[in-house]
2 protein chains.
Amino acid sequence: MQFSKSTDYALHALIHLAQSERRNNIGIKELCATLGVSESYLSKIMSKLRQDGIVRAVPGVNGGYELARPAGEITFLEVIQVIEGRQQLFECSNLDSQQHRLLAEDRAARQDQDCQGQSECLVKKVMDGAERQLHQYLREYTIQSVLDAASKECNHALNKK
Amino acid sequence: MQFSKSTDYALHALIHLAQSERRNNIGIKELCATLGVSESYLSKIMSKLRQDGIVRAVPGVNGGYELARPAGEITFLEVIQVIEGRQQLFECSNLDSQQHRLLAEDRAARQDQDCQGQSECLVKKVMDGAERQLHQYLREYTIQSVLDAASKECNHALNKK
DNA sequence: ATCATTATGGACCTATGATATCCATTATAA
DNA sequence: TTATAATGGATATCATAGGTCCATAATGAT
Ligand code: SF4
Ligand code: SF4
């Protein structure tokens with residue numbers, strides 16, 4: 001249970017793009033030099049980010065990438081979901097087991113019409129809750145958050161002198 | 001980014017053990033019949049749970065498994081960590097990149113003696129925060145939680161009649 | 001219009017880890 | 001002593017992550 005390296009790369013690439021917003025179109029060469037990743041691999045990742053509308057890309061001379069939206073509107077959650085996919089953290093794999101009938105289906109049957117038919121037990125509910133927690137947290141941080149914190153600390157350091 | 005099936009199996013097995021606490025020593029045969037999983041695979045998982053002191057095992061006739069501790073003291077987090085391992089959700093993979101120097105090391109250098117030398121940037125901090133959130137949530141639920149909720153709903157259903 | 005440049009996407013490869021099985025051995029209680 | 005049940009090593013299979021290469025398409029500069 002770990003985030004993939006691709007997610008790491010994607011976040012770092014976006015931060016570099018955000019830091020360089022003045023001059024448009026950062027090429028893949030500059031990106032992979034900054035991140036220390038191979039050009040061919042990073043371009044796959046950038047392509048994904050483009051398909052999901054997080055960056056814009058323009059080919060040709062002086063082409064490259066730029067953020068498609070303000071850095072403050074690109075959340076960690078979004079980036080992670082683009083790269084990792086959107087499967088659930090926990091997926092029931094025993095839906096026809098005796099135990100599932102015991103914990104989920106019989107229970108659902110007892111509850112008659114109200115709250116009907118979701119046929120999920122507490123295990124699933126707890127895990128889904130964990131996922132919601134995680135998502136809520138990751139939605140609160142954006143690419144801009146990282147830049148802000150960096151420059152705030154910079155100012156703080158300057159004020160001390 | 002998903003929990004493995006093994007984690008699924010482990011949780012379900014522990015719930016069955018907890019439900020059967022009256023009679024000790026549930027054999028692997030009963031467990032895998034209840035869960036609908038192969039005997040050979042589940043035994044690996046049970047072995048891990050034993051090595052980490054979550055269940056006790058006794059071989060031989062009428063042997064089997066039982067919880068090593070009260071179900072209320074076995075948290076989701078613990079089970080997950082035993083099966084999934086304890087690596088961090090996010091591990092920096094570019095610690096010698098130009099960008100890391102920019103975001104983390106230079107910053108650390110600026111801060112002189114106070115708050116010294118951790119050399120981590122905000123990305124890492126956000127991700128570690130996400131992990132803490134997740135862990136805190138998963139620590140609040142135990143195997144007993146699932147049983148309690150199941151029986152409470154059962155009583156509720158009875159009272160309605 | 002041509003050209004150098006840059007992103008794109010398909011094909012491909014390798015390494016790693018999850019999932020799964022089999023069996024010989026060990027430990028235990030009856 | 002013996003039948004039984006857990007253990008751990010070896011092995012197989014499969015999916016995914018991680019990574020490379022190249023032919024093609026798109027673009028701005030000339
Ligand atoms: S609903 Fe509950 S019992 Fe059924 S498969 Fe999912 S986790 Fe297991
Ligand atoms: S500390 Fe920050 S910049 Fe450095 S590798 Fe980790 S996430 Fe990237």
Side-chain angles (χ1 to χ4, degrees), chain A residues 1-10 12-13 17 23-33 35-68 80 82-87 89-91 93-94, chain B residues 1-10 12-13 17 23-33 35-68 80 82-87 89-91 93-94:
Chain A
M1 250 280 291
Q2 265 200 168
F3 289 119
S4 65
K5 289 195 178 194
S6 295
T7 294
D8 183 322
Y9 299 155
H12 284 76
L17 291 186
R23 55 200 165 92
N24 286 1
N25 292 345
I26 310 295
I28 192 78
K29 287 216 172 64
E30 178 177 335
L31 275 178
C32 67
L35 304 195
V37 186
S38 90
E39 186 171 330
S40 33
Y41 192 40
L42 186 58
S43 62
K44 300 286 181 198
I45 295 169
M46 296 311 294
S47 195
K48 260 193 192 173
L49 291 175
R50 185 191 59 88
Q51 286 168 23
D52 275 69
I54 295 183
V55 303
R56 264 191 299 268
V58 28
V61 184
N62 291 329
Y65 301 93
E66 60 180 344
L67 296 187
I80 289 170
V82 166
I83 305 296
E84 307 271 337
R86 289 176 164 80
Q87 343 85 0
L89 213 52
F90 179 89
E91 283 172 7
S93 42
N94 282 329
Chain B
M1 248 282 289
Q2 266 200 166
F3 290 117
S4 65
K5 290 195 178 194
S6 295
T7 294
D8 184 322
Y9 299 157
H12 284 77
L17 292 187
R23 56 200 164 95
N24 286 2
N25 293 344
I26 310 294
I28 192 79
K29 286 216 171 67
E30 178 177 334
L31 275 178
C32 66
L35 303 195
V37 186
S38 89
E39 187 172 331
S40 33
Y41 191 40
L42 187 56
S43 63
K44 299 286 183 201
I45 295 169
M46 296 311 294
S47 195
K48 258 194 193 172
L49 292 175
R50 185 191 58 88
Q51 284 167 25
D52 275 69
I54 295 183
V55 303
R56 263 190 299 269
V58 25
V61 184
N62 293 328
Y65 300 94
E66 60 179 345
L67 297 186
I80 289 169
V82 165
I83 304 297
E84 307 270 338
R86 290 178 163 76
Q87 343 84 0
L89 213 52
F90 179 88
E91 283 172 8
S93 41
N94 282 328

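This is a predicted model, so every value here is computed, not measured. Just so it is clear: chains get the letters A, B, ... in the order the sequence lines come, proteins before strands, and each one is counted from 1.
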Trainee: To the nearest 0.5 Å, what is the distance between NZ on B:K29 and CG on B:L42?
Mentor: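 The NZ atom of B:K29 sits 12.5 Å away from the CG atom of B:L42.
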Trainee: Below 30° counts as parallel, above 60° as perpendicular, anything between as tilted: where do the rings of A:Y9 and A:Y41 land?
Mentor: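 Judged by the thresholds at 30° and 60°, the geometry between A:Y9 and A:Y41 is perpendicular.
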Trainee: Side-chain contact test, heavy atoms from C-beta onward, threshold under 4.5 Å: evaluate it for B:D8 versus B:F3 and give yes or no.
Mentor: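 They are not in side-chain contact.
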Trainee: If you compare every side-chain N and O of A:Q51 against the phosphate oxygens of C:dT8 (OP1, OP2), does one of them come in below 4.0 Å?
Mentor: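 A:Q51 to C:dT8 OP1/OP2: no side-chain N or O under 4.0 Å.
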Trainee: Which value, rounded to the nearest 0.5 Å, describes the distance between A:I83 atom CD1 and B:M1 atom CE?
Mentor: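 Spacing of CD1 (A:I83) from CE (B:M1) equals 13.5 Å.
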Trainee: Hey, could you give me each pair passing salt bridge (Lys or Arg N to Asp or Glu O under 4.0 Å) that has a residue in residues 49-68 of chain B? Not counting sequence neighbours.
Mentor: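 Residue pairs with at least one partner in residues 49-68 of chain B: B:R56-B:E66.
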Trainee: Any protein N or O atoms within reach of nucleotides 1-6 of chain C? Criterion: under 3.5 Å, listing atom names and distances.
Mentor:
| unit_1 | atom_1 | unit_2 | atom_2 | d |
| --- | --- | --- | --- | --- |
| C:dT6 | O4' | A:G60 | O | 3.1 |
| C:dT6 | O2 | A:G60 | N | 3.4 |

Trainee: Drop me the distance from B:E84's CD to B:S6's OG, to the nearest 0.5 angstrom.
Mentor: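 Output value for this atom pair is 8.0 Å.
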Trainee: Are B:L31 and B:L17 side-chain neighbours, meaning at least one heavy-atom pair lies under 4.5 Å?
Mentor: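 They are in contact (side-chain heavy atoms under 4.5 Å apart), so the answer is yes.
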Trainee: Within the 4.0 Å limit for protein heavy atoms, which parts of nucleotides 10-21 of chain D are touched? Write it as a string from 5' to 3', B for base, S for sugar-phosphate only, - for none.
Mentor: B-------BBBB
Trainee: On the nucleotide D:dG8, are OP1 or OP2 found under 4.0 Å from the side-chain N or O atoms that B:R50 carries?
Mentor: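 Yes, because at least one side-chain N or O of B:R50 sits under 4.0 Å from OP1 or OP2 of D:dG8.
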Trainee: Can you give me the closest heavy-atom contact between B:G53 and B:A68, atom names plus distance?
Mentor: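 So the minimum-distance heavy-atom pair works out to O-CB, 3.5 Å.
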